Structure formats: C-alpha cells, structure tokens
Amino acid sequence: MDSQGQTTSLQRLQNVEKRIVKVLELAGGVMDELASPVGPRKDVVQNHCLEFMQLIKDIQVALRDEIKSACEYRPFEKCDYGPRIANEICHKKVEFIMSQLDAMKQTIDEYHAAV
C-alpha cells in the first residue's frame, strides 16, 4: 500500500473511532435519561436511539469497506513464481508424454521391421 493509501485508511479508521465514541456518549445519554428522577423524556430517548442505530450502521459499513480494501491489497500480486512453476511443470509433463510417444513409435517401427 502506498503512503497516501495508508494515510487515508488511517484517517478513515480514526473517523470510525470518533463514531464509536459518539455511540458510547449516546448510550450514556440514554442511561442518564432513563435514570432521571422526573422520568425519561420519550422524544430524547427516541432521538438518541435513532442516532445510535444510524451510527452503528455507518460504523459497520466503514469497517466492512476497510476490511475489503485491506483484502484487495496483495503485495505479491506481480510475482510470477506461481505461473512460472506451473509452466515448468506443464513443460515437464509434455516432455514425458513426448518421450512415451517416441518409445511407442520406436516399438511400432521395430514391430514393422520384424514383420
């Protein structure tokens, strides 16, 4: 990953962290409201809960995107070791088959010469 990609990724993760702090503050606000001696105000609790759920969704989406972008990063993507080895194995197989065919042709030629 280049430094620009790392910086933006770190910034996005910091934003997620800020959202998590906000979620905890909202949860604390609901707890304070529920513990209020005059009783909870329904509109305040409802607004906090709606904002809480929206932030949870946003956090999930942001983390999912970060995980996907991390999985797309492949440092050995341009490495040709795997394809090169597969090519060498195929080459050896072709050489083996050619030697078997040559042996079969020789056997057939010997048979025709004997007949």
Side-chain angles (χ1 to χ4, degrees):
M1 226 186 288
D2 60 0
S3 62
Q4 181 65 27
Q6 287 177 341
T7 303
T8 57
S9 179
L10 289 176
Q11 288 171 342
R12 288 189 300 264
L13 289 173
Q14 284 176 337
N15 288 335
V16 168
E17 182 180 16
K18 289 175 186 175
R19 288 181 190 155
I20 291 171
V21 169
K22 179 67 175 165
V23 161
L24 294 174
E25 289 171 352
L26 287 169
V30 169
M31 294 300 291
D32 288 342
E33 195 63 35
L34 291 173
S36 173
V38 294
R41 293 173 293 183
K42 184 179 178 181
D43 59 328
V44 172
V45 172
Q46 185 176 8
N47 288 338
H48 280 0
C49 288
L50 288 173
E51 190 176 353
F52 177 90
M53 292 307 292
Q54 186 58 50
L55 282 170
I56 291 294
K57 277 178 155 178
D58 294 345
I59 290 167
Q60 287 176 331
V61 168
L63 289 176
R64 189 178 310 123
D65 290 344
E66 285 304 308
I67 290 168
K68 280 180 17 183
S69 72
C71 290
E72 291 170 358
Y73 172 65
R74 294 183 180 94
F76 302 108
E77 185 174 350
K78 294 185 172 75
C79 178
D80 68 341
Y81 178 77
R84 188 168 38 91
I85 293 300
N87 188 27
E88 288 179 25
I89 291 170
C90 288
H91 181 72
K92 294 290 182 187
K93 287 179 181 179
V94 168
E95 284 179 345
F96 177 74
I97 291 171
M98 287 176 58
S99 69
Q100 295 292 332
L101 289 173
D102 286 342
M104 289 171 64
K105 184 178 184 303
Q106 184 179 358
T107 302
I108 291 170
D109 289 345
E110 289 172 3
Y111 174 76
H112 288 304
V115 173

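The model shown is predicted, which means the values in this text are computed figures rather than measured ones.
Considering only heavy atoms from C-beta on, Glu33 stays 4.5 Å or farther from His48 through its side chain. The side-chain heavy atoms of Ile85 and Glu88, taken from C-beta on, include a pair separated by under 4.5 Å.
Under 3.5 Å, the side chains of Glu51 and Asn47 contain no donor-acceptor pair of N or O atoms.
Counting heavy atoms of neighbouring residues, nucleotides and ligands inside a 6.0 Å radius, atom CD of Glu17 does not exceed 12 of them.
Hydrophobic side-chain contacts under 4.5 Å tie Val45 into a cluster, directly or through other members, with Val30, Leu34.
Linking ILVMFWY side-chain heavy atoms closer than 4.5 Å, directly or via other members, places Ile56 and Leu26 in a single hydrophobic cluster. In this structure, Ile89 is a member of the same hydrophobic cluster as Tyr81, with clusters built from ILVMFWY side-chain heavy atoms closer than 4.5 Å. Residues Ile59 and Val61 do not share a hydrophobic cluster, clusters being chains of Ile/Leu/Val/Met/Phe/Trp/Tyr side chains in contact below 4.5 Å. Both Ile20 and Phe52 are members of a single hydrophobic cluster when ILVMFWY side chains are connected at heavy-atom separations under 4.5 Å.
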Step by step, work out the side chain to side chain donor-acceptor pair (under 3.5 Å) result for Asn15 and Gln11.
-> CA-CA 6 Å; Asn15 288 335; Gln11 288 171 342; over 6 Å; no
Show your reasoning for whether side-chain contact (heavy atoms from CB on, under 4.5 Å) applies to Leu13 and Leu63.
-> CA-CA 8 Å; Leu13 289 173; Leu63 289 176; 4.2 Å; yes
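The shortest non-hydrogen separation linking Arg19 to Asp58 is NH1-O, 3.5 Å.
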Just list the side-chain donor-acceptor pairs under 3.5 Å for residues 94-115, sequence neighbours left out, or say none.
{"residue": "Glu95", "atom": "OE2", "partner": "His91", "partner atom": "NE2", "Å": "2.9"}
{"residue": "Ser99", "atom": "OG", "partner": "Phe96", "partner atom": "O", "Å": "2.7"}
{"residue": "Lys105", "atom": "NZ", "partner": "Asp109", "partner atom": "OD2", "Å": "3.3"}
{"residue": "Gln106", "atom": "NE2", "partner": "Glu110", "partner atom": "OE2", "Å": "3.3"}
{"residue": "Thr107", "atom": "OG1", "partner": "Ala103", "partner atom": "O", "Å": "2.9"}

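Between Glu66 atom CD and Thr8 atom OG1 the span is 7.5 Å, to the nearest 0.5 Å. One distance of note links CZ of Arg64 with CD1 of Ile67; it measures 8.5 Å at 0.5 Å rounding.
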